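It should be emphasised that the depicted structure is a prediction, and the values quoted were computed from it without experimental measurement.
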Amino acid sequence: MKGLLDYIAGNSVFHKMNPVTKLFFAFVICVCCFVSSNVYFLLALLALDVITGFLCGIQKRTFTLLKGLIKISVFLFIIQVLCIRTGNVIYEYKFLKITDSGVLNAFRLVMRLSCATLPLALMLSVTKLGDLSNALVEKLGIPFKYAFTMTTAIRFIPVFASEMAGIMEAQTSRGIELDTKNPFKKVALILPLCAPLLVSSVRKTQSLAIAADLRGFKFRKKGSCLKNYNYKLCDFICFFFSVILIAATLLLLLMY
């Protein structure tokens, strides 16, 4: 997760959109992938995610995210195939039974995981978190403390990942073999490292709270932001495309 949510500067059409529009577009794709069970439609949504990454000008990060999702998807796919025993048997050996229903449901699961994760990560890559919180307050009327809490939680994900990497390197330098291939042994070694990470997290949140109070966090209101987040033509086009996507999802749901 380290560096995968950092803002990437650029001049693409998605960089110029209103942060609320980008968030709405990502939310629509996530909802559509969970509402629809059509495999071909899920594949089309995944292709849309990849095309969005190219339009954002962040092809490298798009494929990096896909690579990470594939690793997780393979594990989940195997678990689902082995656990679901309903349907027609494709392969059976002793206690092992693979059915067509298990394969289909497993494929839907991994597709939904990929389709729901990619758009939000891509939209965060082309949106400054400060602009996102300010736009949520200005356009949606969300209280600033809630918008700030959400964006701060997102901002701290790579920070905590970096902290965890530093703790693991420190333990490795002390002779602890954290790179073992045994997953159970690795979990047993990593779990004790959560305590120093928790202590570090509490310290950072306390420092952040003090810094926010010194900057007048409690007095922040809707009109405190000097920057205006107006909707442009590209925002309306994106809204229109999102409505078409929702209509297509509902149409497929009624047909099948």
Checklist entry - Given side chains that start at C-beta, do those of Leu46 and Met111 come closer than 4.5 Å, heavy atoms only? => result yes

Item to check | Cluster check Leu82, Leu109: I/L/V/M/F/W/Y, side chain < 4.5 angstrom | outcome: yes

Item to check | Within-4.5 Å side-chain heavy-atom neighbours: Tyr7 and His15 | outcome: yes

Item to check | Thr99 and Val81, any side-chain heavy atoms less than 4.5 Å apart | outcome: no

Checklist entry - Can Ile70 be reached from Leu118 by stepping across I, L, V, M, F, W or Y side chains whose heavy atoms are under 4.5 Å apart? => result yes

Checklist entry - Parallel under 30°, tilted from 30 to 60°, perpendicular over 60°: which one fits the rings of Tyr231 and Phe236? => result tilted

Checklist entry - How far apart are the C-alpha atoms of Lys139 and Asn230, what are their side-chain angles, what is the distance that settles it, and do they pass the side-chain contact (heavy atoms from CB on, under 4.5 Å) test? => result CA-CA 9 Å; Lys139 295 300 181 182; Asn230 298 320; 4.1 Å; yes

Item to check | Spacing of Leu132 atom CG and Leu124 atom CG [to the nearest 0.5 Å] | outcome: 7.0 Å

Checklist outcome for this item: All heavy atoms of Cys115 vs all of Ile29, minimum pair found to be O-CG2, 3.7 Å

Checklist entry - Are the side chains of Cys33 and Leu42 in touch, meaning some heavy atoms are under 4.5 Å apart? => result yes

Checklist entry - Is there side-chain contact between Leu253 and Ser36, with at least one heavy-atom pair below 4.5 Å? => result no

Checklist entry - If Ile, Leu, Val, Met, Phe, Trp and Tyr residues are connected whenever their side-chain heavy atoms lie under 4.5 Å apart, and connections chain through other members, are Phe54 and Val13 in the same group? => result yes

Item to check | Stepwise side-chain contact (heavy atoms from CB on, under 4.5 Å) check, Leu245 with Leu45 | outcome: CA-CA 10 Å; Leu245 192 59; Leu45 288 178; 4.0 Å; yes

Checklist outcome for this item: Note: Met17 and Cys234 closest approach over all heavy atoms is CE-O, 3.6 Å

Checklist entry - Where the side chain of Thr127 meets the backbone of Met123, is there a donor-acceptor pair that is under 3.5 Å apart? => result yes

Checklist outcome for this item: Distance col, row Lys232:NZ vs Lys16:NZ, nearest 0.5 angstrom, shows 7.5 Å

Checklist entry - Is there a side-chain contact between Ser73 and Ser114, using heavy atoms and a 4.5 Å cut-off? => result yes

Next on the checklist: Has Lys22 got a side-chain atom pairing as donor or acceptor with Val126's backbone, closer than 3.5 angstrom?
Outcome noted: yes

Checklist entry - Under a 4.5 Å side-chain heavy-atom rule over Ile, Leu, Val, Met, Phe, Trp and Tyr, are Leu48 and Leu55 clustered together? => result yes

Item to check | No-hydrogen, no-angle side-chain donor-acceptor test under 3.5 Å, Arg112 and Ser37 | outcome: yes

Checklist entry - Hey, do the aromatic rings of Phe239 and Phe24 have their centres closer than 6.0 Å? => result yes

Checklist entry - Given side chains that start at C-beta, do those of Val103 and Ile90 come closer than 4.5 Å, heavy atoms only? => result yes

Item to check | Worked verdict on Ile58 versus Leu122 for side-chain contact (heavy atoms from CB on, under 4.5 Å) | outcome: CA-CA 8 Å; Ile58 50 174; Leu122 294 176; 3.7 Å; yes

Item to check | Neighbour count >12 (heavy atoms, 6.0 Å) for atom CG, Asn11 | outcome: no

Item to check | Summary of side-chain hydrogen bond (donor to acceptor under 3.5 Å, both in side chains) pairs that have at least one residue in residues 235-252, sequence neighbours excluded | outcome: Thr21-Asp235

Checklist outcome for this item: To the nearest 0.5 Å, atom CG of Asp49 lies from atom OG1 of Thr117 at 9.5 Å

Checklist entry - When rounded to the nearest 0.5 angstrom, what is the spacing between CG in Leu104 and CD in Gln80? => result 11.5 Å

Checklist entry - Any chance the side chains of Asn105 and Ser101 put a donor and an acceptor closer than 3.5 Å? => result yes

Checklist entry - Do Val74 and Leu43 belong together in a cluster built from hydrophobic side chains that touch within less than 4.5 Å? => result yes

Checklist entry - Is there a side-chain contact (heavy atoms from CB on, under 4.5 Å) between Asn18 and Asp131 once you walk through the steps? => result CA-CA 9 Å; Asn18 191 298; Asp131 290 337; over 6 Å; no

Checklist entry - Once the angle between the rings of Phe14 and Phe25 is folded into 0 to 90°, is it parallel (under 30°), tilted (30 to 60°) or perpendicular (over 60°)? => result tilted

Item to check | Any side-chain heavy-atom pair of Leu66 and Val50 under 4.5 Å | outcome: yes

